[in-house]
Amino acid sequence: MECEVPDEHPILKGKFARHHLRTPAEMLMEEPYDWCRTLTDDECRNPYLVAVDINMSFAVAANGLTVGLNGPTHLTGNPAFDPKLPGSWLVDLSHVDLARVQINGRTVDADRLPSPFTPKGDHPAGPAWYATPTVAYAVELGFEVAPIEAHVRLHSGRYLDPWYNRLRDAYVQTMADLGVTTSMGGASSWRRWPAPRAPRRRWRCSRRRSRRPRRAASASSGSATGDRWPTTSRGRR
């Protein structure tokens, strides 16, 4: 569906003017948080900043996740939200007030935290496309949702579970090879980590190599919405 594909997808060719930047009302913008806080003076005096995904948060989120196993069904006319149907929902969440969220039956003021409904933590400005778990989270926080339309999958399942299990086992074994086991506490596991310089260089290299093919289109001159990325047309060696 148009709302679920990136700008370079062929189904968008001719849909928008050149260099048009799609809005949340035109595309699904479910991305990891781009939010941070300023380092304290004490933190700035440290020689290294090490980022380690100890809990495999992205992989754990995939474990047990229900995903669509067939093509989308288009729902129109303000359909009722169904958290059991994976897909994309056009919903206006601008009424969500983080100063009065409901958690375990009590009202909590979370206004100082970034909004979980935008990639940068800003307050939602109007109708936008959201994945099913995001809309379900708004309901969980005690807010009413009224979808305008949706593209959902009626046939679904836990397709990613085998992938997660293999990745988890490989991760646990790799950590054990480094001397970090699942039975260790937090302080013990940190003392087992090697010097940060080499892992940091490898992480940067891996990150840049993985991001380059996905972002190659933005650096290509003359590319427009719906045009294939030049890298996708190159033959494999």
Do other residues, nucleotides or ligands put more than 12 heavy atoms under 6.0 Å from the CZ atom of Phe81?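 More than 12 within 6.0 Å, yes.
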Could you verify whether a donor N or O on one side chain and an acceptor N or O on the other, from Gln173 and Asp169, lie under 3.5 Å apart?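 No donor-acceptor contact under 3.5 Å links the two side chains.
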Check for me, please, whether [X] and [Y] land in the same ILVMFWY cluster - side-chain distances under 4.5 Å, paths through other members count.
{"X": "Trp163", "Y": "Tyr171", "value": "yes"}
{"X": "Val172", "Y": "Leu160", "value": "no"}
{"X": "Val108", "Y": "Phe117", "value": "yes"}
{"X": "Val152", "Y": "Leu93", "value": "yes"}
{"X": "Met175", "Y": "Leu167", "value": "yes"}

Take Glu2 and Ile11 through the side chain to side chain contact (heavy atoms under 4.5 Å, CB included) test and state the conclusion after the steps. CA-CA 7 Å; Glu2 293 181 7; Ile11 69 172; 4.1 Å; yes
Distance, nearest 0.5 Å, that separates [atom1] of [X] from [atom2] of [Y]:
{"X": "Met29", "Y": "Lys120", "atom1": "CE", "atom2": "NZ", "result": "10.5 Å"}
{"X": "Thr66", "Y": "Arg158", "atom1": "OG1", "atom2": "CZ", "result": "7.0 Å"}
{"X": "Leu141", "Y": "Arg100", "atom1": "CG", "atom2": "CZ", "result": "11.0 Å"}

What closest approach, in Å, do [X] and [Y] show between heavy atoms, and which atom pair accounts for it?
{"X": "Leu12", "Y": "Pro6", "result": "CD1-O, 3.4 Å"}
{"X": "Val91", "Y": "Tyr130", "result": "O-CE1, 3.5 Å"}
{"X": "His123", "Y": "Val96", "result": "CE1-O, 2.9 Å"}
{"X": "Tyr137", "Y": "Pro116", "result": "CE2-CG, 3.8 Å"}
{"X": "Ala131", "Y": "Trp89", "result": "C-CD1, 4.4 Å"}
{"X": "Leu98", "Y": "Ser115", "result": "CD1-CA, 3.8 Å"}

Test item: [X] and [Y] side chains (from C-beta on) under 4.5 Å apart, heavy atoms:
{"X": "Tyr159", "Y": "Leu69", "result": "yes"}
{"X": "Gln102", "Y": "Thr107", "result": "yes"}
{"X": "Trp129", "Y": "His151", "result": "yes"}
{"X": "Asn165", "Y": "Arg168", "result": "yes"}
{"X": "Met1", "Y": "Ser88", "result": "no"}
{"X": "Leu90", "Y": "Pro127", "result": "yes"}
{"X": "Asp161", "Y": "Asn63", "result": "yes"}

Apply ring pair (Phe, Tyr, Trp, His ring centres under 6.0 Å) to His95 and list each qualifying residue two or more places apart in sequence or on a separate chain.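 In terms of ring pair (Phe, Tyr, Trp, His ring centres under 6.0 Å), with neighbours along the sequence ignored, His95 is linked to no residue.
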Is there a donor-acceptor contact under 3.5 Å from the side chain of Asp82 to the main chain of Lys84?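 It does hold such a pair.
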Give a yes or no answer on whether the side chain of Glu26 reaches the backbone of Thr23 with a donor-acceptor pair at less than 3.5 Å.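 A pair under 3.5 Å: yes.
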CA sep, side-chain torsions, deciding dist, call: Leu75, Glu149, side chain to side chain contact (heavy atoms under 4.5 Å, CB included): CA-CA 5 Å; Leu75 305 180; Glu149 62 176 303; over 6 Å; no
Kindly indicate, with the supporting measurements, whether the criterion side chain to side chain contact (heavy atoms under 4.5 Å, CB included) is fulfilled by Leu21 and Phe16. CA-CA 9 Å; Leu21 297 178; Phe16 301 100; over 6 Å; no
Should Asp42 and Arg45 count as an ion pair when the cut-off is N to O under 4.0 Å?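 Salt bridge flag = yes for Arg45 with Asp42.
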